[in-house]
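Okay, so here's the structure we're looking at.
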2 protein chains.
Amino acid sequence: MGHSQDSKRATHEKVVATAARRFRERGLGGIGIADLMKDVGLTVGGFYKHFASRGELVSQAIEAMDNGWDALFAAAAERGQSKPQLFDALVDGYLATDHRDHPEASGCLFGALSTEIGRSEDEVRAAATGKLQAMLGKLTAVFDDRRSPAARAAAILTYSALVGAISLARATNDESLSQEILATVAKSLKRLLRPEPKHG
Amino acid sequence: MGHSQDSKRATHEKVVATAARRFRERGLGGIGIADLMKDVGLTVGGFYKHFASRGELVSQAIEAMDNGWDALFAAAAERGQSKPQLFDALVDGYLATDHRDHPEASGCLFGALSTEIGRSEDEVRAAATGKLQAMLGKLTAVFDDRRSPAARAAAILTYSALVGAISLARATNDESLSQEILATVAKSLKRLLRPEPKHG
DNA sequence: ATTATCTATAGATCTATAGATAATGC
DNA sequence: ATTATCTATAGATCTATAGATAATGC
């Protein structure tokens, strides 16, 4: 039994990370506190030394959800990819069958949880707002370094279409319809919204 | 206490209609069977004479959810509206603040429930698939009577963007961001995807 | 002395069923 | 006789807390 400040911090992070996985996999109400602590290798009693309430855990888990875009941005920077190439990578990665089937593994929090977040308490929606603004900011930069209104609009439409498409692709049990949605939205976004290569 | 076949049918429909409202308002797990029956004016014990399980109720409630598009199509036909006008009415109606704030009142089932449906049992996702195909079919006809591949693609992109936009607009607690999403996606869809008026 | 974690449980759910009651419908 | 609805409850959750235990950290 570890009880140090360091081990407490490690426990806290492990609980949040496990919750971030499980919530995306099963929904915000899909795992109870006892089962979650068990997954981490602990028991239920210690939970409230870490969180004032279940809602606080949900908020922190949302803040900890990484949709994998940072990795794509970093890879693009490293490889010297152009904006259009990065845009394609973002769209294709988001609308991949692998992302559809594994929301828990660095899957987008809105694709996995948007409708439940919409009905959650203010604290949770505030955490989601931070993530949403961050994601729109990154995406806006893909369209235009100067972040013009047109770039912002393109980012908002792109992100809405991505979130809607993966949500619908998961909501149907018809595999061919699901694939049609993913492929069609990827192709259409690339045709209509792919940014122009830089001049010079 | 009514016990006739007719009154049973009326009860059944009332339970399904009430569930369709409550599920969109509070989520698929947001109301229990006892509370639902109470809302209808009955008690919990009769529920299982109507449904084999809770899941069966969820499926039937999804089938009963009407997103109000039929009314818009009928109004367009009556008023002799053109395809572009109907498209604008569909987009603006969907992305209206009123729709965002009242999912229970003829609100779109995917905008309200998509991420929860995606984690539901097959029976529920099958019911959702029927609604999705029907909606895509209607929307495709707005782009092209002959239902070309391009029209189908436009319908899928439009619907994905609508569902994503309203889901995100509800997920944030930042009113100005929420309004920005609704207005931006409406404007962008109309600019990029509004169908051409018929020639002749 | 403090506290991170443990075991155990109170109290509030929720789904589903059992058995009683009172109406329908042959 | 059948059955739609009722009251009541079994059994399985789930959140949160109480009190014990064993480690940290002054």
Side-chain angles (χ1 to χ4, degrees), chain A residues 1-23 25-62 113 116 119-124, chain B residues 1-62 113 116-117 119-124:
Chain A
M1 232 182 285
H3 295 63
S4 69
Q5 286 298 307
D6 270 6
S7 73
K8 186 186 182 184
R9 207 170 301 125
T11 292
H12 189 101
E13 277 169 31
K14 216 168 165 189
V15 172
V16 170
T18 304
R21 279 186 78 85
R22 293 280 182 248
F23 288 155
E25 182 184 340
R26 306 181 196 171
L28 292 182
I31 185 164
I33 291 167
D35 282 346
L36 176 67
M37 293 301 277
K38 201 175 178 181
D39 267 13
V40 175
L42 298 170
T43 60
V44 63
F47 181 85
Y48 290 92
K49 290 276 187 221
H50 290 275
F51 307 96
S53 67
R54 191 183 200 286
E56 191 173 303
L57 166 69
V58 174
S59 298
Q60 292 188 19
I62 283 178
L113 298 167
E116 283 157 279
R119 279 184 292 269
S120 297
E121 54 201 294
D122 201 71
E123 185 188 10
V124 171
Chain B
M1 231 181 283
H3 295 63
S4 69
Q5 286 299 306
D6 271 6
S7 73
K8 186 187 181 183
R9 207 170 303 125
T11 292
H12 189 102
E13 277 169 31
K14 216 168 163 187
V15 171
V16 170
T18 304
R21 280 186 78 86
R22 292 278 181 250
F23 288 155
R24 278 177 292 185
E25 183 184 338
R26 306 182 195 170
L28 293 181
I31 184 163
I33 291 166
D35 281 346
L36 176 66
M37 294 301 276
K38 201 174 179 181
D39 267 14
V40 175
L42 298 171
T43 60
V44 63
F47 180 84
Y48 290 91
K49 290 278 187 214
H50 290 275
F51 308 95
S53 68
R54 191 180 200 285
E56 191 174 303
L57 166 69
V58 174
S59 300
Q60 291 189 20
I62 283 177
L113 298 167
E116 283 157 278
I117 292 170
R119 278 184 292 270
S120 297
E121 52 202 296
D122 201 70
E123 185 189 10
V124 171

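Throughout, a chain's letter reflects where its sequence line sits, starting with A, and its residues are numbered from 1. Just so it is clear, the values below take in all heavy atoms, side chains as well, and ignore hydrogens, waters and symmetry mates.
When the nucleotides D:dT24, C:dT5, D:dC14 are ranked by their closest atom to the side chain of A:Ser4, D:dT24 comes out on top. Across D:dT5, D:dT7, C:dA4, the shortest atom-to-atom separation from the side chain of A:Lys49 is found for C:dA4. When distances run from any side-chain atom of A:Tyr48 to the nucleotides C:dT5, C:dC14, D:dT15, the shortest one goes to D:dT15. With C:dA16, D:dT5, C:dT5 as the candidates, the nucleotide lying closest to the side chain of B:Ser53 is C:dA16. Of the candidate nucleotides C:dT5, D:dT5, D:dT7, D:dT5 has the atom nearest to the side chain of B:His50. Side chain of B:Gln5, nearest nucleotide from D:dA4, D:dA16, C:dA16: D:dA4. Listed nucleotides D:dC14, C:dA4, C:dT15 differ in distance to B:Arg54; the shortest reach to its side chain belongs to C:dT15.
Smallest separation of non-hydrogen atoms from B:His12 and B:Phe51: CE1-CE2, 3.5 Å. Of all the heavy atoms in A:Met37 and A:Val15, the pair that sits closest is SD-CG2, 3.9 Å.
At whole-Å resolution of the value, CZ in B:Phe47 and C1' in D:dT7 are 18 Å apart. As a whole-Å value, the separation of B:Asp35 CG from C:dT13 C1' is 10 Å. Between A:Phe51 atom CZ and D:dC14 atom C1' there is a gap of 17 Å when expressed in whole angstrom units. Distance CD1 (B:Ile33) to C1' (D:dA8): 16 Å, rounded to an integer number of Å. If you measure from atom NZ of A:Lys14 to atom P of C:dT5, you get 11 Å, rounded to the nearest angstrom. Following rounding to the nearest Å, B:Arg9 (CZ) and D:dT3 (C1') show an atom-to-atom distance of 15 Å. Nucleotide D:dT15 holds its C1' atom 15 Å from the CD atom of A:Glu56, rounded to whole Å. In this structure, CE of A:Met37 is placed 13 Å from C1' of D:dT15, rounded to the nearest angstrom.
Within the nucleic acid shown, B:Asp6 has no heavy atom closer than 4.0 Å to any nucleic acid atom. Residue B:Gly45 is classed as a base contact, given a heavy-atom separation below 4.0 Å to a base.
Between the CZ atom in B:Arg119 and the CG atom in B:Leu28 there is a gap of 10.0 Å [rounded to 0.5 Å].
Nucleotide D:dG19 forms a pair with C:dC6, judged by Watson-Crick or G-U wobble geometry with both contacts under 3.5 Å. Base pairing annotation: C:dA1 forms a Watson-Crick or G-U wobble pair with D:dT24, both donor-acceptor distances under 3.5 Å.
Looking at A:Arg21, its side chain never comes within 3.5 Å of a backbone N or O of A:Ala17 through a donor-acceptor pair.
Using a cut-off of 4.0 Å between Lys/Arg side-chain N and Asp/Glu carboxylate O, B:Asp6 and B:Arg9 are scored as salt-bridged.
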